[in-house]
Amino acid sequence: MSAYKSDFLNILAERGFIHQVSEPDVLDARAKAGAITGYIGFDCTAASLHVGSLLPIMMLYWMQQTGHRPIALMGGGTTRVGDPSGKDESRRILTDEMIEQNLTGIRAIFSKFLKFESAGGNAVMANNADWLNKLNYIDFLRDVGKHFSVNRMLSFDSVKMRLDRQQELSFLEFNYMVLQAYDFVELHKRTGCILQMGGSDQWGNIVNGIDLGRRMMNAQLFALTSPLITTSSGAKMGKTAAGAVWLNTDLMSPYDYWQYWRNTEDGDVVRFLKLFTVLPLDEIAKLATLKGQETNEAKKVLANEATALVHGRAAADQAGDTSRKTFEEGAFADALPTVEIPRAELNKGIGVLTAFAEKAGLVTSNGEARRQIKAGGLKINDVTVSDEKLMLSAKDLSPDGVIKLSLGRKKHVLIKPA
């Protein structure tokens, strides 16, 4: 059991969110005594957040659920610079228009987890462009820069890693930690925020902010980091053969999202239920007793609950239903990803390699399609493909009017004449 007295830290500890906390006893006492304000920063480098961002979002979710005020800080300003933490090379520089577009896609996700002031809640969506974009460089250097030791900045892992490998670290990126520290101070000034949370690779950056708050405002600020999540087999969370696992529906369908969670490794199911669902811990404890084949039932619960949080309960139920029909009943299901092909093109015939690589996107190249055929990994209408010169045509349409292409047992795309 956790030794914390506040609901907030207690829940985070019990569910596996805590890696390090600065001055835990003081923060715990503050959180027990009344509502505190805390934030996590999210940069706007893509049009959607991916599953790797779920952990920090869930921390903000539990913060609000336990009576505190969460701030989701959008990095409209810092995205113009780029964070060197955990990166081997410089980020590409985005235009302000691209950043604004990305911000719109990202904002939509948060409203599914947090109740903002506009919806009668207390969560705040802030954007550091509001203060960073207006900074006067000379004033900033004089007021904030004087508190930073270059010797100390050079000792941070994010900087050392790049220098040790003799990879370029631009002056722009070197400034990132100063800007992040300044965000913390600015949010404290504007909202009374006393806590910054983030992944364990952010510890140095967050401690910088605590230090700056003490020097500039004599404020007592706090840091809380979560463990970096890897799967049991050591892979980075949120990466699949097809790329990132996006949270926005237009980049990844609810069905594919459901499948991602359904395919969780056995050793990760209980941990992921604690981190990525809001199921009570006693229910998770019951699921933890399932062994062998029964673990699949726990995986379905994980897939249903994780998908419901992002896409809504109806979409989660539909994805589960589609999966059951496809795998357990062997039937075609309307909700499988579908690609339309002009009927004339189908009548002429489409090579099997082209169908799997270009049309369905189940493999990345014709070469990969050939390798899968040799390994018996590709199926058409549930029949294993053995001939790489095979041509698909209208004669392959099922009674439902589709051709089902499968990679392994779990990835399917329907080809439909347009």
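Taking each heavy atom of Ile71 and Cys193 in turn, the nearest pair found is CD1-CB, 4.3 Å. Contact detail for Ile206 and Gly198: the closest heavy-atom pair is CD1-N, 4.1 Å. Here the closest heavy-atom approach between residue Ser323 and residue Tyr255 is recorded as N-CE1, 4.0 Å. Contact detail for Gly67 and Ala35: the closest heavy-atom pair is O-CB, 3.4 Å. A pairwise comparison of heavy atoms in Glu305 and Leu279 identifies CG-CG, 4.0 Å as the closest pair. Here the shortest heavy-atom pairing between Thr307 and Ala303 reads OG1-O, 2.6 Å.
A donor-acceptor contact shorter than 3.5 Å links the side chain of Asn175 to the backbone of Phe171. Between the Thr66 side chain and the Trp62 main chain, a donor and an acceptor come within less than 3.5 Å of each other. Between the side chain of Ser253 and the backbone N or O of Thr249 there is no donor-acceptor pair closer than 3.5 Å. The backbone N or O of Lys5 sits nowhere less than 3.5 Å from a side-chain atom of Asn10 that would complete a donor-acceptor pair. Under the 3.5 Å distance criterion, the side-chain polar atoms of Arg370 are left unmatched by any main-chain donor or acceptor of Leu353. The main-chain N or O of Thr364 is found under 3.5 Å from a side-chain atom of Glu368 such that the two form a donor-acceptor pair. The main-chain N or O of Lys404 is found under 3.5 Å from a side-chain atom of Asn381 such that the two form a donor-acceptor pair. The closest donor-acceptor contact from the side chain of His412 to the backbone of Ser406 lies at 3.5 Å or more, if one exists at all. A donor-acceptor pair is defined here as one N or O able to donate and one able to accept, closer than 3.5 Å; no such pair exists between the side chain of Ser365 and the backbone of Val363. With hydrogens and angles ignored, the 3.5 Å screen pairs a side-chain donor or acceptor of Thr191 with a backbone N or O of Leu187.
Side-chain contact check for Leu114 versus Pro70: some heavy-atom pair is nearer than 4.5 Å. Counting heavy atoms from C-beta outward, Met252 and Asp256 have side chains that approach closer than 4.5 Å. In this structure, Thr338 and Val402 have side chains that are not in contact, with every pair of non-hydrogen atoms separated by 4.5 Å or more. Between Ile36 and Arg69, the closest side-chain pair of non-hydrogen atoms is not below 4.5 Å. The side-chain heavy atoms of Gln220 and Arg30, taken from C-beta on, include a pair separated by under 4.5 Å. Counting heavy atoms from C-beta on, the side chains of Leu195 and Leu224 come closer than 4.5 Å.
When only modelled atom types and interatomic distance are considered, His19 and Ser226 share no side-chain donor-acceptor pair under 3.5 Å. A donor-acceptor pair shorter than 3.5 Å cannot be found between the side chains of Gln196 and Gln202.
Between Lys300 and Glu297 a salt bridge is recorded (basic side-chain N to carboxylate O distance below 4.0 Å).
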Residue pair Asp317, Asp321: steps toward the side-chain contact (heavy atoms from CB on, under 4.5 Å) verdict: CA-CA 6 Å; Asp317 290 345; Asp321 198 41; over 6 Å; no

What do the steps show when you test Leu275 against Met58 for side-chain contact (heavy atoms from CB on, under 4.5 Å), and what is the final call? CA-CA 7 Å; Leu275 294 171; Met58 291 305 295; over 6 Å; no

query = When you look at Arg152 and Asp211, which way does the side-chain contact (heavy atoms from CB on, under 4.5 Å) test go after all the steps?
reply = CA-CA 12 Å; Arg152 188 155 172 263; Asp211 197 38; 3.9 Å; yes

*Go through Trp258 and Asn304 one step at a time and tell me if the side-chain contact (heavy atoms from CB on, under 4.5 Å) criterion holds.*
CA-CA 7 Å; Trp258 191 95; Asn304 286 338; 2.7 Å; yes

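With sequence neighbours excluded, the residues satisfying salt bridge (charged side-chain N to carboxylate O under 4.0 Å, His left out) with Lys359 are Glu345.
Expressed to the nearest 0.5 Å, how far CG of Leu60 lies from CD1 of Ile40 amounts to 4.0 Å. Interatomic distance, CG of Leu309 versus CZ of Phe113, reported as 5.0 Å (0.5 Å rounding). Separation of atoms CH2 (Trp246) and CG (Leu49) is listed at 8.5 Å; rounding is to 0.5 Å. Atom OG1 of Thr225 sits about 4.5 Å away from atom CD of Gln20, to the nearest 0.5 Å. Rounding to the nearest 0.5 Å places CD1 of Ile57 at 12.0 Å from CE of Met59. Within the model, atoms NE2 of His68 and OG of Ser6 stand 6.0 Å from one another, a figure rounded to the nearest 0.5 Å.
The environment of CD in Gln101 is sparse: at most 12 heavy-atom neighbours from other residues, nucleotides or ligands sit within 6.0 Å.
Within the structure, every pair that satisfies the side chain to side chain donor-acceptor pair (under 3.5 Å) test and touches residues 264-275, not counting sequence neighbours, is listed here: Thr231-Glu265, Ser232-Asp268, Ser233-Glu265, Asp266-Lys299, Asp268-Arg271. Listed by first and then second residue, the side chain to side chain donor-acceptor pair (under 3.5 Å) pairs that reach into residues 107-128 are Gln64-Asn122, Thr78-Asn128, Asn128-Asp183, sequence neighbours excluded.
Between Phe276 and Phe272, the ring planes are perpendicular. Angles over 60° get that label, and only those under 30° would be called parallel. Classification of the Trp261-Tyr257 ring pair by plane angle, with boundaries at 30° and 60°, yields perpendicular.
Two rings, from Phe116 and Phe110, have their centers 6.0 Å or more apart.
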